[in-house]
Amino acid sequence: MAAKKACESFSKSLIEDVHKWGCMKQTGVSLRYMMEFGSKPTDRNLLISGQFLHKELPIRIARRAIELDTLPYGLSEKRAILKVRDWYLDSFRDLRSFPEIKDINDEKEFTQMIKAIKVRHNNVVPTMALGVQQLKKGMDPKIVYEDLDEIHQFLDRFYLSRIGIRMLIGQHVELHKPNPAPHVVGYIHTKMSPVEVAKNASEAARAICLREYGSAPDINIYGDPSFTFPYVPTHLQLMVFELVKNSLRAVQERFMYSDKVAPPVRIIVAEGIEDVTIKISDEGGGIKRSGLPKIFTYLYSTAKNPVDEHTDLGTDDRITMAGYGYGIPISRLYAKYFGGDLQVISMEGYGTDAYLHLSRLGDSQEPLP
């Protein structure tokens, strides 16, 4: 690790260990596997799960720590990035210094430790956003940000890996809960209604729009509320919330001073054999074709209140989705994590359609960066 600070606060042997583990092969799991394995959270299964995480998490965390230290354009030297790297190194050290998990008491102790690791990393997204801003401040303003491919690719890998790490930890921790709700296996709902989740996410987005503008367009949802499939409701909630929030803002701003009634945002849930597709349509005026690539970049944001050094960062993942201009690219990563995708198609002068494709087969492996 090149940066001086890492060597000062972390021992040479730890840094060597990080490099050793960072070269090991990651093991991906599928939604179906998590679901089947977690459906019987016996002591034996929890022990197997704990032993798997004891070996898997250091590999994934080491890879990110190494990458955080070798970023182009001097990004690794930014204060906020150093802070995130130190969180990853601390977590790696905690995992590696935890002894072998031999019985259920060891496993319970290990679960408490990884729970604390998850909390330690709560503010990674806004802190990384701050690091990118620190980089932008010192860059030539003429630089076209979407051309900085290396940084975009790194952030995609980094956030995708983070989703996986948090999913594995969260799933394991949730399996310890006594008396889970019917059809719930950890983070997974085996009979999730996408229409119901879309409804809840839309109401939350509409409440924000009402708070900001004093009024909000209607939202019409089309689809069969009784249709269900296995998925992670928190992931879907987050994606739909982000997309609906953007649509509401576009419509509201376009019709704010108009005599016409603002047209509703429409959500259509379609059930296919391979995919469940959720389409979110608005008449908010659309996005220029030249602007479309920017919505998936991390270096471009239309957010009014970007984070700064003094921002009080919340500890809830959902809060960190708003205001950094990261909502759309991170939503796409959530979709891709279980084999889906997010596409945005726009008609400038009319509106935008976002297509959220979710794989319903449940057996696609995690994409491991």
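In the hydrophobic clustering of ILVMFWY residues, with side-chain heavy atoms under 4.5 Å counting as a link, Tyr326 and Ile151 come out together. Under the 4.5 Å side-chain heavy-atom criterion for grouping Ile, Leu, Val, Met, Phe, Trp and Tyr, Tyr88 is connected to Ile15 within one hydrophobic cluster. Hydrophobic clustering, with ILVMFWY side chains joined whenever heavy atoms are under 4.5 angstrom apart, groups Ile66 together with Met24. Cluster membership check: Ile268 does not share its hydrophobic cluster with Val265, using side-chain heavy-atom separations under 4.5 Å among Ile, Leu, Val, Met, Phe, Trp and Tyr.
Shown here is Met113, whose CE atom has more than 12 heavy atoms of other residues, nucleotides or ligands within 6.0 Å. Within 6.0 Å of atom CD in Glu274, 12 or fewer heavy atoms from other residues, nucleotides or ligands are found, so the atom counts as exposed in its surroundings.
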- Pair Lys83-Asp86, salt bridge (charged side-chain N to carboxylate O under 4.0 Å, His left out): steps then yes or no: CA-CA 5 Å; Lys83 192 186 212 175; Asp86 287 357; over 6 Å; no

- Evaluate the side chain to side chain contact (heavy atoms under 4.5 Å, CB included) criterion for residues Met167 and Phe338: first the C-alpha distance (whole Å), next the side-chain angles of each, then the deciding distance (0.1 Å), finally the verdict. CA-CA 11 Å; Met167 179 71 200; Phe338 282 129; 4.1 Å; yes

- Checking side chain to side chain contact (heavy atoms under 4.5 Å, CB included) for the pair Val261/Phe255: CA distance, chi angles, key distance, verdict? CA-CA 7 Å; Val261 176; Phe255 288 89; over 6 Å; no

- Task: Might you work through the side chain to side chain contact (heavy atoms under 4.5 Å, CB included) test for Val132 and Leu155, ending with a clear yes or no?
- Result: CA-CA 10 Å; Val132 170; Leu155 290 168; 4.1 Å; yes

- Task: Show the numbers, then the answer: is there a side chain to side chain contact (heavy atoms under 4.5 Å, CB included) between Leu292 and Lys288?
- Result: CA-CA 6 Å; Leu292 263 179; Lys288 293 192 296 242; over 6 Å; no

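The two residues Leu47 and Asp103 make their nearest non-hydrogen contact at CD1-O, 3.5 Å. Between Leu89 and Leu14, the shortest heavy-atom contact is O-CD2, 4.4 Å. Smallest separation of non-hydrogen atoms from Pro58 and Leu53: CD-O, 3.7 Å. Of all the heavy atoms in His54 and Phe98, the pair that sits closest is NE2-O, 2.8 Å. Heavy atoms only, all atoms of each residue included: Thr352 and Gly286 are closest at OG1-CA, 3.4 Å.
Residues Phe229 and Pro194 meet the side-chain proximity criterion, which asks for heavy atoms closer than 4.5 Å. Side-chain contact check for Leu356 versus Lys279: every heavy-atom pair is 4.5 Å or farther apart. Taking the side chain as every heavy atom from C-beta outward, Ser76 and Leu68 never approach each other to under 4.5 Å. Taking the side chain as every heavy atom from C-beta outward, Lys118 and Ile169 approach each other to under 4.5 Å. By the 4.5 Å heavy-atom criterion applied to side chains, Phe92 and Leu57 are not counted as neighbours. Counting only heavy atoms from C-beta outward, the side chains of Thr127 and Trp87 approach each other to under 4.5 Å. Looking only at side-chain heavy atoms (C-beta outward), Tyr231 and Ile188 stay at 4.5 Å or farther from each other. The side-chain heavy atoms of Phe158 and Val124, taken from C-beta on, include a pair separated by under 4.5 Å.
Checked against side chain to side chain contact (heavy atoms under 4.5 Å, CB included), Ala250 has no partners two or more places apart in sequence or in another chain. Contacts of Pro225 classified as side chain to side chain contact (heavy atoms under 4.5 Å, CB included), with partners at least two apart in sequence or in another chain: Val195, Glu196. In this structure Arg157 satisfies the side chain to side chain donor-acceptor pair (under 3.5 Å) test together with Glu67, sequence neighbours excluded. Evaluation of the side chain to side chain contact (heavy atoms under 4.5 Å, CB included) rule for Ala205 yields Phe241, Val244, Lys245, Leu248 as partners, not counting sequence neighbours. With sequence neighbours excluded, the residues satisfying side chain to side chain donor-acceptor pair (under 3.5 Å) with Arg266 are Glu283. Partners of Ser215 according to the side chain to side chain contact (heavy atoms under 4.5 Å, CB included) rule, which considers only residues two or more places apart in sequence or in another chain, are Gln252. For Glu348, the salt bridge (charged side-chain N to carboxylate O under 4.0 Å, His left out) criterion is met by no residue, not counting sequence neighbours. Residues satisfying the side chain to side chain donor-acceptor pair (under 3.5 Å) test with Ser161, not counting sequence neighbours, are Arg64. In this structure Glu174 satisfies the salt bridge (charged side-chain N to carboxylate O under 4.0 Å, His left out) test together with Lys177, sequence neighbours excluded.
Between atom OH of residue Tyr213 and atom CZ of residue Arg249 there is a gap of 6.0 Å, rounded to the nearest 0.5 Å. Atom CG in Leu368 sits 8.0 Å away from atom CG in Leu160 (nearest 0.5 Å). The line from NZ of Lys336 to CG of Leu333 is 7.0 Å long, rounded to the nearest 0.5 Å. Here the CD1-CG distance, from Ile81 to Leu130, works out to 8.0 Å after rounding to the nearest 0.5 Å. Atom CD of Glu107 is separated from atom CG of Asn45 by 10.5 Å, given to the nearest 0.5 angstrom.
By the 30° and 60° cut-offs, the orientation of the rings of Tyr337 relative to His235 is perpendicular.
Sorted by first and then second residue, the ring pair (Phe, Tyr, Trp, His ring centres under 6.0 Å) pairs involving residues 341-368 (not counting sequence neighbours) form an empty list. Note on residues 175-199: pairs passing ring pair (Phe, Tyr, Trp, His ring centres under 6.0 Å), not counting sequence neighbours, are His172-His176.
Remark: Arg332 qualifies as a cation-pi partner of Phe296 under the 6.0 Å distance and 45° angle criteria applied to the six-membered ring.
Taking 4.0 Å as the cut-off between side-chain N and carboxylate O, Lys12 and Glu16 count as a salt-bridged pair. Look at Arg360 and Asp275 and you find no salt bridge, because none of the NZ, NE, NH1 or NH2 atoms lies under 4.0 Å from a carboxylate O. Under a 4.0 Å N-O distance rule, the pair Asp94/Arg120 qualifies as a salt bridge. Classification of Glu366 and Arg60 as a salt-bridged pair holds, one side-chain N sitting under 4.0 Å from a carboxylate O.
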Distance-only criterion, 3.5 Å: show the donor-acceptor pairs between side-chain atoms of residues 29-40 and protein atoms not counting sequence neighbours.
residue: Ser30; atom: OG; partner: Tyr33; partner atom: N; Å: 3.0
residue: Arg32; atom: NH2; partner: Leu361; partner atom: O; Å: 2.9
residue: Ser39; atom: OG; partner: Glu36; partner atom: O; Å: 2.7

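At a cut-off of 3.5 Å, with distance as the only test, a side-chain donor of Ser281 or Asp353 sits close to an acceptor on the other residue.
Of the listed residues (Asn246, Leu243, Val251), just one forms a side-chain contact (heavy atoms from CB on, under 4.5 Å) with Asp282, and that residue is Val251.
Checking side-chain atoms of Arg206 against main-chain N and O of Ala216 turns up a donor-acceptor pair under 3.5 Å. The main-chain N or O of Phe10 is never found under 3.5 Å from a side-chain atom of Arg93 such that the two would form a donor-acceptor pair.
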